[in-house]
Number of protein chains: 2
Amino acid sequence: MAATLADVARRAGVSAATVSRVLNDNYPVAPATRQRVLRAVQELEYVINGNARALAASTSDLIGVLVNDVADPFFGLIASGVQSETGGDKLAVVCNTTGAPDRELNYLTLLQRQRAAGVVLSGSAIEEPEHIHAVTERLRRLAAAGTRIVLCGRPPLPGLAGGGDDAKVATLAFANRDGARELTEHLLALGHRRIGYVAGPADRTTTRHRLEGHRAALAARGMGAGSGRLIAHCAYDRASGRRATLALLDAEPGLTAIAAANDTMALGVCAALRERGLRIPDDVSVTGFDDLPFSADAFPGLTTVRLPLYQAGALAGRLLMGHESPPPDGLVTIPAEVVRRDSTAPPRRP
Amino acid sequence: MAATLADVARRAGVSAATVSRVLNDNYPVAPATRQRVLRAVQELEYVINGNARALAASTSDLIGVLVNDVADPFFGLIASGVQSETGGDKLAVVCNTTGAPDRELNYLTLLQRQRAAGVVLSGSAIEEPEHIHAVTERLRRLAAAGTRIVLCGRPPLPGLAGGGDDAKVATLAFANRDGARELTEHLLALGHRRIGYVAGPADRTTTRHRLEGHRAALAARGMGAGSGRLIAHCAYDRASGRRATLALLDAEPGLTAIAAANDTMALGVCAALRERGLRIPDDVSVTGFDDLPFSADAFPGLTTVRLPLYQAGALAGRLLMGHESPPPDGLVTIPAEVVRRDSTAPPRRP
DNA sequence: CTGAAAGCGCTTACAG
DNA sequence: CTGAAAGCGCTTACAG
């Protein structure tokens with residue numbers, strides 16, 4: 001079996017306490033003694049037992065990162081950012097919830113079991129009162145147990161303390177509403193008046209905020225949000241975006257632009273348009289959201305809204321590690337910026 | 001502070017042993033007693049301390065997944081597959097090594113500290129004798145401590161036991177060589193004779209195997225691997241693929257096809273060709289490798305080699321959980337399949 | 001600068 | 001079916 005600290009102590013001819021002090025380097029130890037301990041550690045190939053340490057010291061080396069989909073670069077970038085700031089001595093646990101409420105709760109419980117040092121919940125939150133309540137409760141308990149919490153890309157949870165010197169909860173809210181508004185303003189400025197919108201699932205915060213931004217831009221021009229026929233809700237993936245677009249085109253053949261709620265869906269939008277023999281942007285302009293790496297390589301290059309996902313993740317990491325303090329109210333807004341590429345152009349003359 | 005098992009026992013009027021038995025459901029307990037315990041757990045919002053449990057039972061809830069880049073869908077798909085099979089009660093720790101040898105070793109140590117139940121090392125391995133030795137040593141120790149190990153997408157490590165009934169190490173090798181050979185055969189069958197190759201970093205197993213496959217196809221036609229000028233080594237990312245292509249075009253203006261060692265680089269190849277005013281596939285054919293989701297949406301759709309990454313990850317997960325046994329020799333080959341899309345066509349007549 | 005000892009919160013033979 | 005007690009492998013006051 002693996003060597004224990006007691007084995008090391010015996011071999012080095014010192015007490016367990018001394019070995020512990022050398023290992024943690026948190027107390028003066030005579031240089032010669034230290035050398036002997038270090039040699040014994042080498043010889044025995046000793047690796048400290050993290051569980052025993054965590055139990056005795058009531059600390060933890062774990063950081064949890066909840067994501068809706070690890071295979072989606074949106075979350076990969078956030079997770080990568082978190083890990084860039086926590087990598088050295090903490091283990092970042094990336095938990096794949098697939099967006100399912102019960103898996104989200106289950107992971108929070110597992111993380112609480114491990115007494116995680118920190119947890120970041122990333123991406124869209126589910127707007128279902130019962131679930132919000134359950135999540136808030138879990139997070140309250142985690143925070144009470146000393147776990148730092150960062151909400152990254154979702155709105156603050158009312159009822160959870162945020163900010164303050166001993167704040168356990170911080171929120172990094174993405175400027176989804178502003179980004180979406182500016183993007184639709186861009187389409188309007190180009191001259192588009194009949195704009196279809198492929199929205200995400202109706203019960204997610206991100207879906208709602210982006211849609212609100214879109215509507216705000218229309219309203220500012222005195223345009224109604226359009227009849228319901230101009231808006232299609234569906235899952236945040238390519239296949240759904242494609243299907244939604246086909247339906248939209250059937251309902252409203254006169255569309256000159258389609259805005260998708262994220263880049264992945266936008267690829268599906270483009271695919272559907274090509275199937276119908278429509279050229280982008282000559283016949284129909286298309287926009288996405290997020291500016292994921294592949295968007296610059298899509299054809300034509302996708303006009304979208306850039307969100308600094310990696311940087312947001314890194315900030316979340318620093319907050320968790322206590323390397324940076326959240327503002328007094330615990331709320332940071334991550335800015336969004338329109339990126340114009342070749343998928344948008346003025347509509348053709350009728 | 002959080003309630004402990006002793007608190008629950010006191011409240012339920014039973015011993016700690018009984019509470020433990022109810023919680024783990026591994027021993028008969030009278031129904032009435034069980035109910036009282038469960039109620040006490042509810043009332044105290046008790047969550048078991050995973051560290052204490054792991055220490056006492058010498059078990060672990062952690063599974064480590066080492067990846068070169070979480071934000072790359074190649075690894076995201078593998079990680080996602082692993083989690084699909086381990087999600088319920090195990091926590092999958094996705095560790096981002098950025099391909100750096102020291103980070104790889106550091107994470108292995110952290111996982112050993114936590115006495116991880118299993119570890120999967122995914123993607124390309126570094127072919128540097130000293131590093132291979134160090135990794136083999138770490139894995140040997142992990143295996144000796146009871147940790148199951150799966151190498152996913154890299155070749156077996158000589159010196160590490162694989163297979164057998166109590167096997168701790170299994171290898172899922174990707175058919176990189178065969179896939180690359182078939183892909184180049186496809187280009188040759190189309191009539192291409194001057195084919196550029198954008199390879200990955202020279203010191204990785206995946207790079208070498210794919211390049212060997214490419215060369216084997218050429219050799220079978222009696223063609224030399226071409227002068228060194230037809231091959232460019234660079235990092236596995238888009239920007240590098242673009243730069244390498246520009247260099248290749250300068251050195252060999254007569255190229256009619258360029259094969260990239262992965263899809264991400266292939267996007268860079270396409271970008272470079274467009275910059276030079278060359279059409280795909282009319283002027284130059286392009287191929288990738290991996291068939292990541294975006295490849296079907298690239299323009300033109302990318303001819304590539306499909307690797308069932310998610311399924312490979314899922315298999316790795318089942319192996320780790322002991323839900324499936326590896327073959328006697330511990331080695332599974334994951335097949336690769338050429339996917340023809342629109343980025344390849346016969347070369348134009350000169 | 002170092003050690004003996006208690007304690008972290010569980011599990012698990014052992015005994016009944 | 002249930003409990004008392006030892007033990008898992010560390011850390012940390014406390015004493016010297």
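In the text below, chain A, chain B and the rest are named by the order of the sequence lines, each starting its count at 1. Quick note: numbers below take in every heavy atom, side chains included, and nothing from hydrogens, waters or symmetry partners. Since we're looking at a predicted model, the values are computed, not measured.
When heavy atoms are screened at a 4.0 angstrom cut-off, B:T18 is found touching the sugar-phosphate backbone but no base atom. If you check every strand for non-hydrogen atoms under 4.0 Å, B:T4 touches sugar and phosphate atoms only. Nucleic acid contact class of A:A17 (heavy atoms, under 4.0 Å, all strands): base.
The closest side-chain donor-acceptor pair between B:R53 and B:N24 falls under 3.5 angstrom. Residues A:R138 and A:T109 have side chains that bring a donor and an acceptor to within less than 3.5 angstrom of each other.
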Query raised in the report: Tell me, what's DNA chain D's dot-bracket, Watson-Crick or G-U with both distances under 3.5 Å, | for other-strand, [ ] crossing?
Result: |||.||||||||.|||
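Classification of B:R34 and B:D25 as a salt-bridged pair holds, one side-chain N sitting under 4.0 Å from a carboxylate O. The pair B:E45-B:R11 does not count as a salt bridge, with every side-chain nitrogen at least 4.0 angstrom from each carboxylate oxygen.
Against DNA chain C, the stretch residues 31-52 of chain A makes heavy-atom approaches under 4.0 Å through A:T33.
On the nucleic acid side, DNA chain C contacts chain A at distances under 4.0 Å to non-hydrogen atoms, with the end points of that region at C:dC1 to C:dG9.
Distance CG/A:L66 to CZ/A:R154: 7.5 Å, rounded to 0.5 Å.
Although no hydrogens or angles enter the test, the distance criterion places a donor-acceptor pair under 3.5 Å between the side chain of B:S84 and the main chain of B:G81. Between the side chain of A:N96 and the backbone N or O of A:T98, no donor-acceptor pair lies under 3.5 Å. Under a 3.5 Å cut-off, the side chain of B:D72 and the backbone N or O of B:D69 do not form any donor-acceptor pair.
With C1' as the reference atom, D:dT12 and D:dG16 are 16 Å apart, rounded to whole Å.
The only option from B:L121, B:T147, B:I149 that meets the side-chain contact (heavy atoms from CB on, under 4.5 Å) definition with B:L108 turns out to be B:L121. B:F75 pairs with exactly one of B:N68, B:V70, B:L309 by the side-chain contact (heavy atoms from CB on, under 4.5 Å) rule, that one being B:N68.
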